[in-house]
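Down below is the structure, laid out as structure tokens.
Numbering of residues begins at 1 and proceeds along the displayed sequence. The analysis underlying the following values was restricted to heavy atoms, covering all of them including side chains, and did not include hydrogens, waters or symmetry mates.
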Amino acid sequence: MKNNGFWLSFEAIISMALLGILLSSPLQESRPGLENLHIFKKESDLLLLWTKDDTPELKEIAADFELAFPEKSGAIYFDGKKIEIGEFAGKAISSKVIFFRQMQKHELRIVVFKNDFS
């Protein structure tokens, strides 16, 4: 009979220790969001749209960027030409496509800066 009380006390001590460890562990402060995936999807859609156009103009490309990403800054690189939109700050998400038109290689890259969220 004396051993039963010892094991019950030992089990209670272990349970209290585990409860203390669980309560002292840090909670997840922010939930992971889908913002990065959303930006990446928009970038891919824009790149697909621009590659289907026979002669994309830089003004139209900049207007499409501002329409897809309001209040965001970024850069667009098209065959060595660079279009800057807004101020560059923080981390960025970038997408790039290489395509051929009439046996000429073209490179199109878009960079979106994540300056208003973490």
Side-chain angles (χ1 to χ4, degrees):
M1 291 278 186
K2 293 180 182 180
N3 286 340
N4 288 340
F6 173 76
W7 288 113
L8 288 176
S9 297
F10 185 68
E11 182 183 2
I13 291 171
I14 296 294
S15 297
M16 293 300 285
L18 287 175
L19 180 64
I21 289 171
L22 287 175
L23 291 177
S24 67
S25 65
L27 298 175
Q28 186 176 4
E29 294 181 15
S30 63
R31 295 185 327 161
L34 298 176
E35 190 71 28
N36 291 348
L37 182 63
H38 186 64
I39 290 174
F40 183 71
K41 175 65 175 148
K42 281 185 177 182
E43 285 179 346
S44 297
D45 290 344
L46 283 177
L47 290 174
L48 183 63
L49 177 71
W50 295 334
T51 55
K52 285 186 176 184
D53 192 6
D54 289 335
T55 55
E57 294 184 18
L58 297 179
K59 291 180 182 178
E60 291 177 6
I61 289 175
D64 290 342
F65 179 90
E66 290 175 357
L67 181 65
F69 301 104
E71 299 179 9
K72 294 227 186 287
S73 58
I76 302 166
Y77 301 89
F78 182 61
D79 290 337
K81 299 174 187 170
K82 180 180 178 182
I83 303 170
E84 293 181 2
I85 301 167
E87 298 178 9
F88 292 10
K91 296 181 181 180
I93 297 177
S94 178
S95 298
K96 175 178 159 181
V97 66
I98 297 173
F99 62 99
F100 292 87
R101 189 172 285 138
Q102 297 176 352
M103 300 303 291
Q104 291 183 348
K105 179 182 171 183
H106 298 283
E107 185 175 327
L108 184 58
R109 183 167 52 119
I110 183 171
V111 179
V112 177
F113 287 92
K114 306 186 309 176
N115 51 358
D116 61 341
F117 61 93
S118 58

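Taking CD1 from I93 and NZ from K42, the interatomic distance works out to 11.5 Å, rounded to the nearest 0.5 Å. Separation of atoms CG (L67) and CD (E60) is listed at 12.5 Å; rounding is to 0.5 Å. With rounding to the nearest 0.5 angstrom, the CG atom of L47 is 6.0 Å from the CD1 atom of I110. Note that the CZ atom of F65 and the CD atom of E43 stand 8.0 Å from one another [nearest 0.5 Å]. Here the CD1 atom belonging to I39 is positioned 12.0 Å from the OG atom belonging to S44, to the nearest 0.5 angstrom. Taken from CG in L18 to CG in L23, the straight-line distance is 11.0 Å, to the nearest 0.5 Å.
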Name every donor-acceptor pair, under 3.5 Å, that has one atom in a side chain of residues 75-84 and the other anywhere in the protein, sequence neighbours excluded.
from : atom 1 : to   : atom 2 : distance (Å)
D79  : OD1    : E107 : N      : 3.0
D79  : OD2    : H106 : ND1    : 2.7
K82  : NZ     : E84  : OE2    : 3.0

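Of the options L46, I85, D64, a side chain to side chain contact (heavy atoms under 4.5 Å, CB included) to F69 is made by L46 and by none of the others.
Across all their heavy atoms, G90 and F113 have their closest contact at O-CD2, 3.8 Å.
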